[in-house]
Amino acid sequence: MYSHHSSPRFFTFLVTRSFSSKARANRYASQLQLCCLQSPISCSFARTVHAHMIASGFKPCGHILNRLIYIYCKSSMLAYARHLFDEILQPDIVARTTLISAYSTTGNLKLAREIFCETPLHVRDTVFYNAMITAYSHNNDGHAAIELFRDMRRNDFSPDNFTFTSVIGALALVAENERQCLQLHCAVVKSGTAFVTSVLNALISTYVKCASSPSVISSSLMGVARRLFDDMPEKDDLSWTTIITGYVKNDDLDSARELFDGNGMCEKMVVAWNAMISGYMHRGLYKEALEMFRKMYLSGMQLDEFTFTSIISVCANAGFFQLGKELHAYILKTEVNPSPDFSLPVNNALITLYWRCGRVDEAREIFNYMPVRDLVSWNAILSGYVNAGRIKEAKSFFEEMPEKNILTWTVMISGLAQNGFGEEGLKLFNQMKILGFEPCDYAFAGAITSCAVLGTLEHGRQLHAQLVRFGFDSSLSAGNALITMYARCGVVEAAHSLFLTMPCVDSVSWNAMIAALGQHGHGGQAIELFEEMLAEGILPDRITFLTVLSACSHAGLVKEGHHYFNSMYAVYGIIPGEDHYARVIDLLCRAGKFSEAKSVMESMPVEPGAPIWEALLAGCRIHGNMDIGIKAAEQLFELKPEHDGTYVQLSNMYAVAGRWADVAKVRKLMRDRGVKKEPGCSWLEVENMVHVFLVDDAVHPEVHAVYNYLDKLCQEMKKLGYVPDTKFVLHDMEFDQKEYALSTHSEKLAVAFGLMKLPRGATIRVFKNLRICGDCHNAIKYMSEVVRREIVVRDGKRFHHFKDGECSCGDYW
DNA sequence: ATAGGGTTAG
């Protein structure tokens, strides 16, 4: 019944009623004394003794009660302890002290403080003060701890080494800069505790903390920490882990590794291993992290939750799904009680692993089975839905969330933006601010992306100004979002100057800028920039190639595009995906090189899917290549029978050839097959029609009929309340500007657009087109159209938003 | 003393 620590004397040492009450008290007291001598304290026996007292009607005196309180506190049976504490007339200082430290460990500072305050001055002692100072210190209230220390000195209690250690811990907590670090250092020296290991540990950890704070530029503080560490008379586990994790935090993995590999450190220091693994993980050095993990595992060390959390994150970030799944299975198998609450962070990391590897539903299952969840878990699932484009579920999940933080909002805002819901994204951004959340640069990035989607340049500029005011002007993610925003709103120049002035750029910035140039018909410049990127030693990724291939395609740089496509795998080892193949085929078909496109298709490792046929069909549409076009459309009818876009492309192909009877046939076919035409599809039609006029110099005799048709479509869409997505329009207008300029249809287009009321971004395009054609009259007309439709006027702290003849105002951000 | 959730480019 008792642990093997229990002495057999416990059983023979019974207290019987025949004893005098004094003798009974003595015996109980010695029994409790015995309990305390056990390690750990034998609470169960103390409870038996206590029960015996109650059963036999014995009224314990203060001494015994104090002892019981002590035992209960030490065994974390706080409710019992408190009960006795409230009954006792005069709790002694030991009981008070233990209760304070017990409350401190459970984080209940308020109760600890209550006991402290109601203890009269004359019964207090140094240990009692120490307990309260430590309580503050351990609960991260350094200022209160320091204040209490001052109070202690005022009341003439003499501090001991424990006091100093605690106070130094408190000073360490509040130290935030180099000056406070030095103050602490002086305090240590003055108190004469500069040889005490725990004090030195605290001091070192303070230097480490200040060294990694963002305001400190030099690594000199880390140097001081290192000297203190080297000179320590005695190092313990904590000293080693403090210095190693310090280097990891300061992004000096080499120094950390050097200490880690050198002799002197106890091999079995799990924390140091974990710190190294997490350091590699955060730096994106997944291979090194895995290697470390492997070594750790092979050396037979006990892997803990920290290890698993970090290494699962490695799998999630690097896409090692197989390994991640094996680790998941391993965790479930090795857990003593296969409890799913192994650890909250482990489960959260698992959620991320699953959704990042495309298994949102499995991630959700983990979430559902988790007995305890926190905000991180909720945010992780939200990201999963958003990333999978499952906006409906994301939205309702977002609403369901019991709590939100800035991250939650950021995920939702950028999720909406990325899925084309620009307006909702902006609305959410404002709502977030109204609710008092300070936007971070990521949140700004989401809002800016929303503007990019909507093509609302003025709003985007305001956000840019706002960003600068918030001090985020050097933010990478926001800067990258701005590049795209300016590009999509038609001001590549702004995008380019931003790109040039950004303090640091990454491959995303390069990709964005290359794309910006490519989309505006500056294919040659896009390729120049790409070459520059390569010259700077920045490795292109699969997205770089997508962008470059598009740029080549739009600029008609067939040879270059083909060359880059071939270099993808040969030089950079990037296996072309179906999307890359689709772009090359698009490139070739736009140039009319159908036989080359055919050979590329034949070289594909897998059967060509829908994107390939779509590219082919689009090419056929431009060139009026009926035979292949019809074949491609047939393939698409099989692969995506519900897809309305195929019909649109096919009918436009006939339109290019002037075969209006066939256009009508396609529409009939669509109706007969019961394919629903979405409002967006109508816009696609409009946009494609526009494209037909842009690329074809010949005036179709039926052109007026088409204008009428477009007009009808527009009215129909207006009735449906459909707001077209600028992205579509821009996408289809991204052809070489030269082609626009050469087009003889600018004026007619202007008339058509005038009827149609295009979204703002497209209107800007028309304006630019007219400008290039030298059609000043219509250009001015369209510019004023742009201005009339949406303009924001600032007026002190208020803004007035004019849109479609209506004005709304509000606080200026 | 070590761990988990975000962003931007197509």
Side-chain angles (χ1 to χ4, degrees), chain A residues 201-202 204-205 208-209 236-246 248-249 269-279 281-282 304-314 316 343-353 355-356 373-384 386-387 405-415 417-418 440-449 452 475-485 487 505-516 518-519 540-551 577 579-580 582-583 727 731:
Chain A
N201 283 343
I204 292 173
S205 99
V208 163
K209 187 180 82 183
D236 63 3
D237 284 11
L238 196 61
S239 325
W240 281 97
T241 45
T242 306
I243 195 77
I244 289 176
T245 55
V248 171
K249 270 191 216 150
M269 222 174 284
V270 188
V271 177
W273 284 88
N274 289 344
M276 288 306 305
I277 293 176
S278 96
M281 191 266 288
H282 284 294
D304 68 4
E305 303 177 13
F306 287 80
T307 325
F308 282 116
T309 311
S310 298
I311 209 69
I312 288 168
S313 288
V314 168
S343 149
L344 193 54
V346 171
N347 276 314
N348 288 339
L350 281 169
I351 290 180
T352 307
L353 169 78
W355 79 248
R356 284 247 167 102
R373 305 174 192 118
D374 65 1
L375 190 51
V376 177
S377 335
W378 286 84
N379 283 341
I381 293 286
L382 185 69
S383 309
V386 159
N387 206 271
N405 66 0
I406 182 71
L407 226 131
T408 320
W409 291 91
T410 307
V411 170
M412 199 63 221
I413 291 167
S414 40
Q418 280 193 334
C440 61
D441 57 337
Y442 290 132
F444 268 109
I448 292 165
T449 306
S475 158
L476 193 58
S477 47
N480 291 342
L482 279 170
I483 293 178
T484 310
M485 186 277 290
V505 290
D506 63 358
S507 66
V508 176
S509 327
W510 285 91
N511 291 348
M513 197 58 230
I514 294 170
Q519 284 161 358
D541 54 18
R542 42 177 298 277
I543 290 170
T544 318
F545 280 105
L546 284 179
T547 311
V548 169
L549 288 173
S550 298
D579 35 6
H580 293 99
R583 305 248 162 150
K727 244 189 340 195
H731 176 76

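The sequence lines fix the lettering, A, B, ..., with proteins before strands; numbering per chain opens at 1. Quantities reported herein were computed from a predicted structural model and do not represent experimental measurements.
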Look at the side chain of A:Asp506 and the backbone N and O of A:Ser509, then say whether any donor-acceptor pair between them is shorter than 3.5 Å.
-> yes
CE on A:Met485 to CD1 on A:Ile448, rounded to 0.5 Å | 6.5 Å
First-last contacting nucleotides on DNA chain B - partner chain A, under 4.0 angstrom, heavy atom = B:dA1 to B:dG10
Should A:Arg542 and A:Asp579 be marked as a side-chain contact (heavy atoms from CB on, under 4.5 Å) after you check the CA-CA gap, both sets of side-chain angles, and the distance that decides it?
-> CA-CA 10 Å; A:Arg542 42 177 298 277; A:Asp579 35 6; 3.0 Å; yes
Name the nucleic acid region contacted by A:Asn405, choosing base, sugar-phosphate or nothing; use a 4.0 angstrom heavy-atom cut-off, strictly under.
-> base
With heavy atoms under 4.0 Å as the rule, sort A:Arg373 into base, sugar-phosphate or nothing.
-> nothing
Quick one: ring pair (Phe, Tyr, Trp, His ring centres under 6.0 Å) partners of A:Trp273, sequence neighbours excluded?
-> A:Phe260
Classify the nucleic acid contact of A:Trp355 as base, sugar-phosphate or nothing, counting any heavy atom under 4.0 Å across all strands shown.
-> sugar-phosphate
Would you mind classifying the nucleic acid contact of A:Asp374 as base, sugar-phosphate or nothing, using non-hydrogen atoms under 4.0 angstrom?
-> base
Contact class for A:Lys209 vs. all strands (heavy atom < 4.0 Å): base, sugar-phosphate, or nothing?
-> nothing
Has the side chain of A:Ser310 got a donor or acceptor atom that lies under 3.5 Å from a matching backbone atom of A:Thr307?
-> no
Describe the nucleic acid contact of A:Met281 in one word from base, sugar-phosphate, nothing, applying a heavy-atom distance below 4.0 Å.
-> sugar-phosphate
Have a look at A:Asn379 and tell me which of A:Thr410, A:Thr408, A:Asp374 forms a side chain to side chain donor-acceptor pair (under 3.5 Å) with it.
-> A:Thr408
When we call it a touch if two heavy atoms are under 4.0 Å apart, what does A:Thr449 touch: a base, just sugar-phosphate, or nothing?
-> sugar-phosphate
If you look at every strand shown and take non-hydrogen atoms under 4.0 Å, does A:His282 touch a base, only sugar-phosphate, or nothing?
-> sugar-phosphate
For A:Asn201, answer base if it contacts any base atom (sugar-phosphate contacts may also be present), sugar-phosphate if it contacts only those atoms, and nothing otherwise; contact means non-hydrogen atoms under 4.0 Å.
-> nothing
Just call it for A:Thr410: base, sugar-phosphate, or nothing, with non-hydrogen atoms closer than 4.0 Å on any strand.
-> base
Side-chain (A:Trp355) to main-chain (A:Ala380) donor-acceptor, under 3.5 angstrom = yes
Would you mind classifying the nucleic acid contact of A:Leu375 as base, sugar-phosphate or nothing, using non-hydrogen atoms under 4.0 angstrom?
-> base
